[in-house]
Amino acid sequence: MMVNSGAINGVPATASKYLLTKVLRDRWGFKGVTVSDWQDVRALQTNYRIAADYPEAIALAVNAGLDMAMEPYYAKQWSDGLKTAVDRGLVSERRINESVTRILRLKFSLGLFEHPYVDASKADAAVLGADQGLARQAATESQVLLRNEDSVLPVGTSVKKIVVAGAYADDINDQVGGWTIGWQGVPDGVDVPGTTVLKGIQEAAPPGTEVVHAKTDADAVAEAKNADLTVVVVGEKAAAEGGADSPRPELSADQQALVKSLKASGKPVVTVVLAGRPLVLGDAAGTQGLLMSWLPGTEGGHAVADVLFGAANPSGRLPVSWPKDVGNEPMYYQQLPGTNGGAESSYDALYPFGAGLSYTTYAFDAITADKSAGQTTVKVTVSNTGDRDGDLVVPVYVSRPVSEVLAPDRKLVAFTRVALKAGESRTVSLRVARRTLAVTPGDIDGSGTAKVEPGVYTFTAGARSADVTVR
């Protein structure tokens, strides 16, 4: 397990014994190897400045529970620094043996002592094209349908001409995103096998349906005038941290202008977004269809087409909030109450956390909540009231009418996914651990515990709610 580069409550994760030992190993039972991110142990001295020198930084990380450092350039400085830390009495040999045991156990289990080298001639055949079905399933299930005005989707039999537009419609490199092969995307000269959105639509379109690829914005606007549907694929260039840390997460001006022109054609437009985060849409907002595809990988073109043509019923939900404007960020659905009263100063998302549409309809028929030692069991009866099979994500939120400590209007405490055939009803059970109801966090070093206030907690699923009294 690789440790995140960030910090929680002022303590870098790489030096947090609370996270690496108490949570990861004692609570979660992790028995494997932990490794730092890129040069993060050194960063405890150079960037975070919580250590006076490198040996002290190494001691902080190792004593917190780190087993291995990702030190890409100066491996000898790491080993020399660790020896210095031992000589100073900062790290025990027992602690080093503990990590060495974990690392050797992992290497033995992988067979690295019997077969230490990879046969490079067989590597491509073992990797390329592997698990295509699983990749397609993952990409399909992650699609989030956010807008479907006038039931423009799934594409009906009356649609005889589809225009596919946008700079990202036939761009496999940006579709797979950063960290696919290279750090900031696919390196020049490397061909990635896969299916773009354009190719996926072309393959999925039924006989008799013309698919026109508009390679320029002018062609797209001209072709859209006599099309039955335009699919415009927008997004961001592939990147990772650093290159992807743009302070303005919004659709570029030229893409906004294209979508605005396509809307002006008067014909239905479906926008497909390829990006690792929600983008402020500006003039591109308000198309009949909006599909958030994220960075769906090499099978993303098939996944998008499966949703557009109805071979798959979308079931994804937003794991983040989609802002109306750049000035609305950061946006967090658990925003605490306050006296602020300006426009959009409260939680006012374009598409809220948990949003996601389906081609069928669902109903939440009943909810009950029973408290037992350490947890609450919530039972929810859900029904597929439409005419298509589908997967429903059932979220359970908790709220407190009165709280001594500020509490959000609602907080997600459990969720599950249930497959329902058309007309089927089912009761699902979700367990809510007591600590998830805590409103005051424990000390990050583990010396404190989260506090659960006594009182009434209201659990909500869909439009149904149930109360539980905690004493």
Side-chain angles (χ1 to χ4, degrees), residues 1-6 35-43 47 68-75 110 112 116-140 142-143 164-203 213 215-216 233-252 254-255 272-279 292-305:
M1 182 171 290
M2 189 177 74
V3 182
N4 183 268
S5 298
V35 60
S36 78
D37 203 340
W38 189 273
Q39 289 191 303
D40 273 1
V41 175
R42 187 180 297 273
N47 295 73
M68 184 183 294
M70 189 184 296
E71 177 48 79
Y73 302 121
Y74 308 108
L110 291 173
L112 294 182
Y117 302 110
V118 170
D119 185 341
S121 66
K122 297 179 180 179
D124 281 354
V127 174
L128 296 180
D131 294 323
Q132 280 183 301
L134 185 60
R136 184 168 180 168
Q137 177 187 352
T140 302
S142 68
Q143 303 293 301
V164 181
Y168 295 89
D170 197 29
D171 186 342
I172 192 69
N173 289 0
D174 289 320
Q175 180 177 303
V176 298
W179 277 120
T180 300
I181 296 175
W183 177 37
Q184 295 294 330
V186 179
D188 292 339
V190 175
D191 293 324
V192 178
T195 304
T196 63
V197 174
L198 171 66
K199 296 298 192 297
I201 292 174
Q202 289 173 334
E203 291 180 18
H213 179 207
K215 296 183 179 181
T216 67
V233 188
V234 300
E236 287 187 305
K237 299 298 293 182
E241 77 271 25
D245 289 343
S246 165
R248 298 190 62 84
E250 61 184 341
L251 206 59
S252 62
D254 59 326
Q255 293 185 93
V272 176
V273 181
L274 299 181
R277 57 182 176 173
L279 299 174
M292 182 50 168
S293 294
W294 311 102
L295 299 172
T298 55
E299 289 297 304
H302 286 138
V304 170

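Keep in mind it's a predicted model, so treat the numbers as computed, not measured.
- Between Met70 and Gln39 the shortest side-chain heavy-atom distance does not fall below 4.5 Å.
- Residues satisfying the side-chain contact (heavy atoms from CB on, under 4.5 Å) criterion with Asp124, sequence neighbours excluded, are Leu128.
- No side-chain heavy atom of Leu279 sits less than 4.5 Å from a side-chain heavy atom of Glu250.
- Taking every heavy atom of both residues into account, Gly178 and Ala238 meet most closely at N-CB, 3.9 Å.
- Between the side chain of Asp245 and the main chain of Gly242, a donor-acceptor pair closer than 3.5 Å is present.
- Using a 4.5 Å heavy-atom cutoff, the side chains of Pro296 and Leu274 are in contact.
- Of all non-hydrogen atoms in Ile172 and Thr196, the two that sit nearest each other are N-CG2, 3.7 Å.
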Check your understanding: Taking it one step at a time, do Glu241 and Trp38 satisfy side-chain hydrogen bond (donor to acceptor under 3.5 Å, both in side chains)?
Key -> CA-CA 12 Å; Glu241 77 271 25; Trp38 189 273; over 6 Å; no
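- With sequence neighbours left out, Tyr117 forms a ring pair (Phe, Tyr, Trp, His ring centres under 6.0 Å) with no residue at all.
- Annotation: side chain of Pro193 is not in contact with side chain of Thr298 (no heavy-atom distance under 4.5 Å).
- Looking only at side-chain heavy atoms (C-beta outward), Arg277 and Trp294 stay at 4.5 Å or farther from each other.
- Between Val186 and Val176, the closest side-chain pair of non-hydrogen atoms falls below 4.5 Å.
- Closest non-hydrogen pair, Pro247 versus Pro249, comes out as O-CD, 3.4 Å.
- Between Gly276 and Leu295 the shortest heavy-atom distance is N-CG, 3.9 Å.
- Looking at Gln175, its side chain never comes within 3.5 Å of a backbone N or O of Ala169 through a donor-acceptor pair.
- Contact check for Trp179 versus Gln184: no side-chain heavy atoms found under the 4.5 Å cut-off.
- Using a 4.5 Å cut-off on side-chain heavy atoms (C-beta onward), Glu299 and Gln137 make no contact.
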Point to revise | Working for side-chain hydrogen bond (donor to acceptor under 3.5 Å, both in side chains), residues Ser252 and Gln255 | key: CA-CA 5 Å; Ser252 62; Gln255 293 185 93; 2.9 Å; yes
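- Considering every non-hydrogen atom in both Asp174 and Lys237, the closest pair reads OD2-NZ, 2.9 Å.
- Residue Ser5 comes nearest to Asp37 through the heavy atom pair OG-OD2, 3.3 Å, listed as atom of the first residue, atom of the second, then distance.
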